[in-house]
There are 2 protein chains.
Amino acid sequence: MEVKRATVRDLRRRNRSTLLSTLFFEGPLSRFELGQRTGLSAATVSNVVGEMVDDHLVVEAGLVESDGGRPRVLLRVNPSYGHVIGVDVGETGVTMELFDLGMTRLAAHARPLPPPRPDPALVAPLIAEGLAELLAGAGVTQQDLIGIGIGVPGTVEQGDTVRVHAQAIGWDGIAVAELLGASGVTAPLFVDNGAKTQGQAEMWFGAGRGARHAVIALIGSGVGATVITDGTTYRGATSSAGEWGHTTLMFDGRTCRCGAKGCLEAYVGAEGILDRFRRERGGRAVPRPDEQSQLDFLLSAAERSTTARRVLEETVGYLGAGIANLVNLFNPERIVLGGWAGLALGSRLLPEIRVATAAHALRHAYEQTSIVLCELGSDAVAVGAATLPVEALLSSGADSRARRVVS
Amino acid sequence: MEVKRATVRDLRRRNRSTLLSTLFFEGPLSRFELGQRTGLSAATVSNVVGEMVDDHLVVEAGLVESDGGRPRVLLRVNPSYGHVIGVDVGETGVTMELFDLGMTRLAAHARPLPPPRPDPALVAPLIAEGLAELLAGAGVTQQDLIGIGIGVPGTVEQGDTVRVHAQAIGWDGIAVAELLGASGVTAPLFVDNGAKTQGQAEMWFGAGRGARHAVIALIGSGVGATVITDGTTYRGATSSAGEWGHTTLMFDGRTCRCGAKGCLEAYVGAEGILDRFRRERGGRAVPRPDEQSQLDFLLSAAERSTTARRVLEETVGYLGAGIANLVNLFNPERIVLGGWAGLALGSRLLPEIRVATAAHALRHAYEQTSIVLCELGSDAVAVGAATLPVEALLSSGADSRARRVVS
DNA sequence: AGACTAATTTTAAGCCGCGAATTAAGCCGT
DNA sequence: ACGGCTTAATTCGCGGCTTAAAATTAGTCT
């Protein structure tokens with residue numbers, strides 16, 4: 001309801017943003033086509049685009065020939081207008097990647113973190129150091145950065161100062177931006193939950209492209225989800241929405257690591273699946289070193305072992321019900337199944353998962369939903385984080401009056 | 001992402017809408033205060049408000065004295081600018097109510113419907129007839145109507161032509177607007193799901209006021225929910241979002257009337273509760289004529305009967321887990337418990353329900369959520385439906401160039 | 001009655017997007 | 001090679017919009 005005021009300047013900003021975004025996502029386009037897609041008059045398109053060309057934000061990119069008539073000049077966002085960095089702060093290490101505005105990865109950098117609880121006071125200098133290294137390697141200064149996006153495990157409170165609560169690594173209300181600032185990071189910072197950035201990556205570049213209402217279901221050791229409503233990720237009142245993993249699927253069921261009983265995560269998270277498998281095997285450990293290969297073992301054992309098959313069938317049932325809950329509540333047009341475990345399960349069992357979902361979802365909503373596999377790996381957290389500053393740039397329209405002009 | 005173009009006219013419309021909405025919801029305000037709240041300059045406020053006064057959309061409503069200085073003139077939306085009608089099409093009857101723009105109920109009208117499956121071809125003339133009666137009684141013509149809002153059971157497909165799918169009464173893809181048009185109804189029509197209109201009523205006039213992120217959980221014989229994200233009701237891709245009742249709470253549990261197993265509705269819907277109660281009583285029927293009094297019986301029996309108490313305790317547990325799912329997924333700031341059964345349960349057991357919710361929700365999200373009882377009865381469907389045309393009026397800004405001027 | 005105060009209204013200026021008219025830039029056939 | 005033709009991009013003038021500043025209005029206080 002509460003719309004904000006609108007001045008005549010906001011108009012320009014908004015149209016600039018619209019044009020810039022269409023150019024970014026729908027790739028080289030002529031002024032003419034831009035006019036068609038955005039509904040803006042040719043005059044305005046010309047005018048605004050001219051401004052953006054002056055700002056070096058948009059560049060010409062060849063022309064389309066025609067048979068008779070002036071050829072259309074193609075335009076695209078200038079990849080070297082600026083750079084962005086995406087940081088993936090995981091439980092075991094930090095990955096950083098440098099991109100240009102065309103989202104081409106120019107450099108990457110990874111550092112392990114001392115388990116089990118990386119002291120935030122330690123992580124900040126590590127990032128600052130990695131940043132310096134990345135920039136130096138690519139010959140880019142911090143001034144050229146549009147921004148740095150950071151994906152962290154745990155919930156991110158988007159308040160006046162952004163605070164990170166990550167019980168998994170023992171962070172409680174850490175103000176990441178301030179810490180980094182103290183380590184000499186001056187570029188604009190954007191912090192979000194890692195699952196959400198991964199979901200965003202999938203929406204921009206992966207299986208979610210083009211959907212306005214989608215849910216990215218991420219299954220790894222734990223379980224989470226990114227909900228996209230009307231094209232933007234839904235955050236809820238305090239940005240902790242989408243905690244799919246801890247919804248109750250089996251009232252009074254297995255105890256989850258969150259303390260509650262019957263959470264979805266306890267049934268379809270890799271840890272939960274493997275734990276159930278072990279019990280079915282009479283407590284014998286799965287003969288593989290890590291969770292990921294244990295799950296692979298389980299998946300391939302299904303061909304010969306009825307135990308394994310039963311565990312997987314149950315898992316599919318649980319997962320179907322869990323997905324059906326998403327379908328019933330959010331009525332998305334697409335569900336993207338991701339996360340390393342989600343990918344492993346989905347690539348072998350997607351048809352079965354669809355059937356299980358159909359059994360638990362309302363017909364109408366289910367028929368409107370396609371369930372697909374993700375297209376990016378879980379290393380997409382960093383790209384997703386890098387989209388955060390880009391998103392900010394696009395939606396601000398990169399107003400030259402508010403930003404330095406790149407010479 | 002895809003923003004629509006914006007012309008300079010849209011600006012005016014939008015500011016008009018902002019001013020009109022704040023005036024509507026925050027009730028008599030002076031031009032000066034309007035300027036403060038909307039962030040618009042005094043000049044613009046004066047200008048736009050002047051226009052709206054000319055259109056008879058806004059009227060002066062006394063003045064606030066000051067000690068020195070020109071007194072502020074209070075303004076409010078003109079209640080008699082036009083009228084709206086809210087229609088509640090239920091499974092057993094149709095209720096219609098006439099309101100002025102101040103949302104004062106001027107007249108009401110109810111008709112039973114022949115159970116079990118009211119033929120849509122029969123309902124339309126019934127509404128048209130009731131409409132004529134309502135209008136005649138209040139001396140209002142159909143021209144004076146801003147619109148008619150209709151709440152129907154079942155999902156409403158908001159497409160080019162609005163279609164209603166209500167399995168409960170055997171409607172499948174009925175184009176209500178067309179049917180009513182054929183019966184001589186010419187006023188603008190707005191159709192939505194009854195639970196959603198009831199939720200909207202609660203948001204505008206009841207326990208949801210002021211919340212930007214909320215869920216109205218409705219428990220009657222069945223179970224549904226209205227999800228409010230960022231101030232507007234969330235509809236999803238095909239407007240069937242919020243089907244909370246058919247989310248799986250107990251995998252492989254009780255069979256629900258939707259055919260699936262373990263749906264929340266099968267545990268906390270009045271029908272489900274009473275069915276469980278009957279079983280606990282060894283199959284003996286509850287000695288009361290209808291569901292509502294049977295539930296009352298169960299609630300008061302809890303004082304002396306351990307069976308009743310156990311059934312209620314279980315119900316509270318299930319309901320808590322169900323609400324916790326909403327909390328975890330939507331991270332709302334408020335959950336409003338409504339519906340006749342929700343009200344009955346909540347008014348006696350709200351503290352216990354809160355505890356049960358806390359046991360299943362993540363701490364962070366739970367702490368941000370208040371769980372409250374609804375303030376309006378389930379007869380609020382009609383008021384809620386009536387808000388639909390009003391909402392349209394407010395968000396269009398009631399542009400005089402697009403509407404007839406009331407003389 | 002005159003000074004004072006604070007809310008509105010008026011006025012002039014700066015921007016905006018749009019449609020029409022104009023210019024630019026190739027293709028084609030002779 | 002040279003008009004004629006077609007389509008894309010620009011330019012120009014117009015009607016609209018919000019704003020800041022100045023002017024006006026409507027009371028209170030002495």
Side-chain angles (χ1 to χ4, degrees), chain A residues 3-20 22-23 28-54 58-76 397 399-402, chain B residues 3-20 23 28-54 58-75 397 399-402:
Chain A
V3 201
K4 267 250 103 17
R5 86 196 176 132
T7 93
V8 80
R9 286 293 253 289
D10 297 324
L11 245 191
R12 179 57 147 242
R13 239 194 307 282
R14 188 169 142 189
N15 284 335
R16 229 179 117 109
S17 163
T18 308
L19 286 169
L20 190 57
T22 24
L23 220 43
L29 287 175
S30 71
R31 290 173 175 78
F32 184 75
E33 292 166 307
L34 271 176
Q36 294 192 141
R37 305 209 185 192
T38 57
L40 285 164
S41 73
T44 301
V45 172
S46 206
N47 186 346
V48 175
V49 165
E51 223 175 79
M52 295 196 291
V53 169
D54 288 346
V58 165
V59 291
E60 304 201 338
L63 38 164
V64 176
E65 43 187 297
S66 64
D67 32 21
R70 178 175 179 170
R72 303 176 179 183
V73 179
L74 290 181
L75 300 162
R76 63 191 167 92
D399 196 333
S400 52
R401 280 163 295 203
Chain B
V3 202
K4 268 251 99 21
R5 88 194 174 136
T7 95
V8 81
R9 277 309 243 289
D10 298 325
L11 247 190
R12 177 57 151 238
R13 240 193 306 281
R14 188 169 142 188
N15 283 337
R16 228 180 117 110
S17 162
T18 310
L19 286 169
L20 191 55
L23 220 42
L29 287 174
S30 71
R31 291 174 174 78
F32 184 76
E33 292 165 307
L34 270 175
Q36 294 193 140
R37 305 210 186 191
T38 58
L40 286 163
S41 73
T44 300
V45 172
S46 207
N47 186 342
V48 175
V49 164
E51 221 174 82
M52 295 197 292
V53 169
D54 289 347
V58 166
V59 290
E60 305 203 339
L63 40 165
V64 175
E65 46 187 295
S66 65
D67 32 21
R70 179 174 178 169
R72 303 175 179 183
V73 178
L74 290 181
L75 301 161
D399 197 331
S400 52
R401 279 163 298 203

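Residue numbers start from 1 in every chain, and the chains themselves are labelled A, B, ... in the order their sequence lines are given, proteins ahead of strands. Heavy atoms only: backbone and side chains are in, while hydrogens, waters and symmetry mates are out.
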Chemist: Atom CG of A:L34 and atom P of D:dT10: how far apart are they, to the nearest Å?
Modeler: 12 Å
Chemist: B:S46: what forms a side chain to side chain donor-acceptor pair (under 3.5 Å) with it, not counting sequence neighbours?
Modeler: none
Chemist: How long is the line joining CD of B:Q36 and C1' of C:dA6, in whole Å?
Modeler: 12 Å
Chemist: Expressed in angstrom and rounded to an integer, what is the separation of B:L11 atom CG from D:dG15 atom P?
Modeler: 19 Å
Chemist: Within a strict 4.5 Å, meaning less than it, do heavy atoms of the A:L40 and A:L19 side chains meet?
Modeler: yes
Chemist: Run through A:R12, A:R13, A:R14 and flag the one making a side-chain hydrogen bond (donor to acceptor under 3.5 Å, both in side chains) with A:D10.
Modeler: A:R13
Chemist: CZ of A:R12 versus C1' of C:dC18: gap in Å, rounded?
Modeler: 13 Å
Chemist: If the condition is side-chain contact (heavy atoms from CB on, under 4.5 Å), which residues does A:S30 pass it with, not counting sequence neighbours?
Modeler: A:F32, A:E33, A:R72, A:L74
Chemist: Mind checking whether B:V58 and B:L20 have side chains closer than 4.5 Å, heavy atoms only?
Modeler: yes
Chemist: Are A:E60 and A:R76 close enough for a salt bridge, meaning some N to O gap below 4.0 Å?
Modeler: no
Chemist: Taking only side-chain nitrogens and oxygens of A:S41, does any of them come within less than 4.0 Å of OP1 or OP2 of C:dC18?
Modeler: yes
Chemist: Under 3.5 Å, which protein N or O atoms sit close to an N or O of nucleotides 7-13 of chain C? Give each pair with its distance.
Modeler:
residue, atom, partner, partner atom, Å
C:dA7, OP1, B:R72, NE, 2.9
C:dA7, OP1, B:R72, NH2, 2.5
C:dA7, O4', B:R70, O, 3.2
C:dT8, OP1, B:V73, N, 2.6
C:dT8, OP2, B:F32, N, 2.7
C:dT8, O4', B:R70, NH1, 3.4
C:dT9, OP2, B:R31, NE, 3.0
C:dT9, OP2, B:S46, OG, 2.0
C:dT9, O5', B:S46, OG, 3.4

Chemist: Quick one: B:R13 CZ to C:dG17 C1', roughly how many Å, whole number?
Modeler: 13 Å
Chemist: Can you measure A:D10 atom CG to C:dG14 atom C1' for me and round it to whole angstrom units?
Modeler: 15 Å
Chemist: Roughly, in whole Å, what's the span from CZ in B:R9 to C1' in D:dG16?
Modeler: 7 Å
Chemist: D:dT11 P sits how many Å from A:E51 CD, rounded?
Modeler: 13 Å
